[in-house]
Amino acid sequence: MKLYNTMTKRKEEFIPLHEGEVRMYSCGPTVYDYFHIGNARPFIIFDVFRRYMEYKGYKVTFVQNFTDIDDKMIQRANEEEITVKELADRFIEEYFKDADGLYIRRADYHPKATEHIDDMIAFIQKLIEKGLAYQAGNDVYFDTNAFKDYGKLSGQSLEDLEIGARIEIGKAKRNPMDFALWKGQKPGEPAWDSPWGPGRPGWHIECSVMANKYLGETIDIHSGGQDLIFPHHENEIAQSEGVNEKPFARYWLHNGYINIDNRKMSKSLGNFFTIRDISAEFDLEVVRLFMLSSHYRNPINFSRELLEQAEAALERLYNARDNLEYLISNAEDKAPSDEEREFLEKLPEFTADFERAMEDDINTADALGVIFELVREINTSADKGLSANAHQASLETLNKLTGLLGLLNKQKGKLDEEIEALIQEREKARAEKNWALADKIRDDLKKEGIILEDTPQGVRWKRV
RNA sequence: GGCGGCAUAGCCAAGUGGUAAGGCAGAGGACUGCAAAUCCUUUAUCCCCAGUUCAAAUCUGGGUGCCGCCUCCA
């Protein structure tokens, strides 16, 4: 498995710290609102990565946090006249609704910042003891000048960063790049007791602390959006390596942005679509396929047209599966022909190609291409007169590969007896060349959401 | 100013030295009572210029255009 590591700017062979295990931490949402499709990208792509590593036999421990206390949380809670806790509880629930719709599996741990305040205080104390942090008034700051590797992830020297810094030098800070570990309470803000007085943790410290707590001092993989490289991940490294004096993460994975009209989609620009918005018009599985149709590090544009393309592509996948299931239930049991043997020999090549794509830095676009090649092979096999056994093998391969990408989750289900009877009635009408009746039944069923297709192998149905 | 990314058909998109995957849309054809599904065929001076090489979408240099990070952001 090769992964592009932001730290080294190269693809590297993945070697876990502990044999057979993957410990990964992915930065999760700040739960002050519904998440948008830009947020959804890392959730989806790293969910796929996790599925794939499990498929490869690794024991994966996946942690994704919820940031449930920060400036935005406080501001939104004030606007809505509810507590920060109430706001967080609500949007954590909404997170899971949307994540479920996208078939994003639950992490092994979803730690919340507010439930780790004591751990954070202890961590900050260690930083102070090591001379890497200082108290200024009721705040505590990380002393970036005291950490020699500061800037190594983003490839920036502290000097360069300072030249470009747009940030105003806080009165209490020694250096413009220093960042808050602990913020003293301001009027009306929620606060926790600490050695520095009542206050709340800075944003960056939670990830260092929770990654350390759930995954250890050195983790295998840390992932998130490219916009977190600086300052968030840079600061996490400073904190974690400052305290532990060990590498924090072995591989840093960062996904590219979702753009609207070629501009980054972000809450601050206001040009975003939430997953909740999209779900009103599209099945969220379409969004999932859309996300996987390009490589995760490339930027992707978002538009309705592109979702429609993804929708059509997804339907092709479902058609292939439906057709296969139909063939299985109707194929004869018979001895395999030479053609069948050839087909069955070829089948594993698709899995091999798929794996090759995935192991090249999670190239889901290429992997999807392999699935579509498999689909053509399957569709072509329909009239080869293969045995049920052969079709079953095709189905298993298709399900395996699409399952690794988290696609084709919906099951077809069964038809009501009433509708079953109508289909039989139509078949009878067709046999009698009573096209008027046959077409009427087909139209009526379409209104019920059932589409009938008369294939060379027989009549088939699917839901709209 | 510093750091980084991208440019492949109408749209989307893989492909890091050997002569352009795949999806969507369109066109033509096959199958079909019709429709659908499916299959076959079809659409690319790989942004420009120069260089390296037997060979370049791929490497090097120089352009051009677009985007991102350096402030909260996935």
Side-chain angles (χ1 to χ4, degrees), chain A residues 6 9 11 26-30 35-46 70-72 75 151 154-157 159-168 176-177 203 223-232 234 254-259 262-269 272 289-290 293-295 297-301 303 305-317 319-320 322-323 326 353 357 360 363-376 378-383 430 433-436 438-439 442-443 446 451-457 459-460 462:
Chain A
T6 307
K9 297 186 174 68
K11 280 186 200 173
S26 204
C27 289
T30 302
F35 67 88
H36 61 66
I37 58 174
N39 300 310
R41 190 174 193 187
F43 302 157
I44 292 169
I45 187 71
F46 298 121
D70 84 329
D71 293 345
K72 293 190 297 289
Q75 189 191 337
S154 51
Q156 300 268 7
S157 70
E159 282 177 352
D160 292 336
L161 285 165
E162 284 172 25
I163 290 166
R166 279 177 268 167
I167 190 168
E168 283 184 31
M177 298 321 292
W203 172 39
S223 59
Q226 278 170 356
D227 45 359
L228 296 185
I229 295 171
F230 190 91
H232 185 53
E234 197 71 74
H254 292 99
N255 60 278
Y257 304 117
I258 307 283
N259 294 153
N262 233 24
R263 299 204 71 99
K264 175 184 174 182
M265 176 188 299
S266 76
K267 290 197 174 169
S268 47
L269 291 175
F272 63 91
L289 185 131
F290 165 72
S293 63
S294 64
H295 184 87
R297 284 190 287 112
N298 292 150
I300 39 181
N301 255 305
S303 70
E305 188 195 353
L306 294 174
L307 277 191
E308 284 167 357
Q309 290 186 8
E311 189 171 44
L314 182 63
E315 193 178 353
R316 180 166 164 83
L317 296 181
N319 279 336
D322 285 356
N323 297 351
Y326 181 88
D353 287 347
D360 183 15
N363 193 336
T364 56
D366 204 4
L368 260 177
V370 174
I371 290 179
F372 280 104
E373 284 171 8
L374 171 66
V375 162
R376 166 161 300 142
I378 286 171
N379 288 335
T380 308
S381 76
D383 49 25
R430 288 182 68 222
K433 299 196 190 297
N434 183 350
W435 310 126
D439 290 351
R442 186 168 62 189
D443 289 346
K446 193 173 181 184
I451 302 231
L452 295 186
E453 296 172 350
D454 303 319
T455 74
Q457 290 83 27
V459 64
R460 220 163 40 204
K462 66 179 178 186

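Everything numeric here is computed off the predicted structure, so don't read it as measured data. Naming convention: chains lettered A, B, ... in sequence-line order (proteins, then strands); numbering from 1 in each chain.
Below the 3.5 angstrom threshold, one finds no donor paired with an acceptor across the side chain of Ser154(A) and the base of C69(B). Counting distance only, with no hydrogens placed and no angle test, the side-chain atoms of Lys264(A) and the base atoms of C67(B) include no donor-acceptor pair under 3.5 Å.
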Derivation of the side chain to side chain contact (heavy atoms under 4.5 Å, CB included) call for Thr364(A) and Ile45(A): CA-CA 9 Å; Thr364(A) 56; Ile45(A) 187 71; 4.0 Å; yes
May I have the step-by-step check of side chain to side chain contact (heavy atoms under 4.5 Å, CB included) for Leu317(A) and Leu289(A), ending in yes or no? CA-CA 11 Å; Leu317(A) 296 181; Leu289(A) 185 131; 3.8 Å; yes
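For Pro42(A), the side chain to side chain contact (heavy atoms under 4.5 Å, CB included) partners at least two apart in sequence or on another chain are Phe46(A), Asn255(A). Contacts of Asp70(A) classified as side chain to side chain contact (heavy atoms under 4.5 Å, CB included), with partners at least two apart in sequence or in another chain: Thr30(A), Thr67(A), Lys72(A), Met73(A). Under the ring-ring contact (aromatic ring centres under 6.0 Å, His included) criterion, Tyr257(A) pairs with no residue at all, not counting sequence neighbours. Glu453(A) is linked by a salt bridge (Lys or Arg N to Asp or Glu O under 4.0 Å) to Arg460(A), Lys462(A), counting only residues two or more places apart in sequence or in another chain. Scanning for side chain to side chain contact (heavy atoms under 4.5 Å, CB included) contacts around Asn301(A) gives Asn259(A), Asn262(A), Leu306(A), with sequence neighbours left out. Remark: His254(A) engages His233(A) in a ring-ring contact (aromatic ring centres under 6.0 Å, His included) (not counting sequence neighbours). Every residue meeting the salt bridge (Lys or Arg N to Asp or Glu O under 4.0 Å) condition with Asp454(A), not counting sequence neighbours, appears here in chain and number order: Arg426(A), Arg430(A), Arg442(A).
Atom CG in Asp227(A) sits roughly 7 Å away from atom P in A74(B) (whole-Å rounding). Leu228(A) has its CG atom 17 Å from the C1' atom of G5(B), to the nearest Å. Taking atom CD on Gln226(A) and atom C1' on C70(B), their separation rounds to 14 Å, with Å as the unit. If you take NE2 of His36(A) and P of C72(B), they are 16 Å apart, rounded to a whole angstrom. What separates CG of Leu289(A) from P of C24(B) is a distance of 10 Å, to the nearest Å. Here A74(B) presents its P atom at 6 Å from NZ of Lys267(A), a figure rounded to the nearest Å. One interatomic measurement links the two molecules: CG of Leu307(A) to P of C11(B), which rounds to 18 Å at whole-angstrom precision. Distance CD1 (Ile258(A)) to P (G68(B)): 14 Å, rounded to an integer number of Å.
Using a 4.0 Å heavy-atom cutoff across all strands shown, Tyr257(A) reaches at least one base atom of the nucleic acid. No contact: Ile229(A) has no heavy atom under 4.0 Å from any strand. Nucleic acid contact for Gly38(A): base, since at least one base atom lies under 4.0 Å from a heavy atom of the residue. Within 4.0 Å (heavy atoms only), Asn262(A) reaches sugar-phosphate atoms of the nucleic acid but no base atom. Leu269(A) comes within contact range of no nucleotide atom at all, as no heavy-atom separation falls under 4.0 Å. Counting any heavy atom pair closer than 4.0 Å across all strands shown, Pro231(A) reaches sugar-phosphate atoms only and no base atom. Contact annotation for Gln156(A): base contact, defined as any heavy-atom pair under 4.0 Å involving a base atom.
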How does protein reach along nucleotides 32-40 of chain B, written 5' to 3' as B (base within reach of a heavy atom under 4.0 Å), S (only sugar-phosphate), or - (no contact)? -BBBBSSSS
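Taking atom P in both U38(B) and A50(B), one finds a spacing of 46 Å when rounded to whole Å. Atom C1' of C72(B) sits at a distance of 25 Å from the matching atom of C66(B), rounded to the whole Å. C31(B) sits 48 Å from A74(B) when the C1' atoms are compared, rounded to a whole Å. When the C1' atom is used for both U8(B) and C40(B), the distance is 26 Å, rounded to whole Å. Remark: the separation of the P atoms in C54(B) and C48(B) is 24 Å, to the nearest Å.
With both pairing distances under 3.5 Å, U16(B) is matched to nothing as a Watson-Crick or G-U wobble pair. Nucleotide A55(B) forms a pair with no other nucleotide shown, judged by Watson-Crick or G-U wobble geometry with both contacts under 3.5 Å. Nucleotide C66(B) forms a pair with G5(B), judged by Watson-Crick or G-U wobble geometry with both contacts under 3.5 Å. Nucleotide U60(B) forms a pair with A50(B), judged by Watson-Crick or G-U wobble geometry with both contacts under 3.5 Å. In this structure C31(B) sits in no base pair that meets the Watson-Crick or G-U test at under 3.5 Å. The base-pairing partner of U43(B), taking Watson-Crick or G-U wobble contacts with both distances under 3.5 Å, does not exist among the strands shown.
Taking the nucleotide of RNA chain B with the nearest heavy atom to each of Asn259(A) and His232(A), the more 5' of the two is matched to Asn259(A).
Here the shortest heavy-atom pairing between Gly28(A) and Phe43(A) reads CA-CE2, 4.3 Å.
In this structure, Arg297(A) does not reach the G5(B) phosphate: none of its side-chain N or O atoms is under 4.0 Å from OP1 or OP2. Put simply, Arg263(A) has a side-chain N or O that comes within less than 4.0 Å of OP1 or OP2 on C67(B).
Note on ring orientation: taking the six-membered ring where Trp is involved, the planes of Phe272(A) and His36(A) are tilted (angle from 30° to 60°).
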Contacts under 3.5 Å, N or O only, protein and nucleotides 12-16 of chain B:
residue : atom : partner   : partner atom : Å
A14(B)  : OP1  : His295(A) : N            : 2.7
A14(B)  : OP1  : Asn298(A) : OD1          : 3.1
A14(B)  : O3'  : Asn363(A) : ND2          : 2.7
A14(B)  : O2'  : Asp366(A) : OD1          : 3.1
A14(B)  : O2'  : Asp366(A) : OD2          : 3.4
G15(B)  : OP1  : Asn363(A) : ND2          : 2.5

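Remark: the backbone N or O of Asp160(A) is paired with a side-chain donor or acceptor of Ser157(A) at under 3.5 angstrom.
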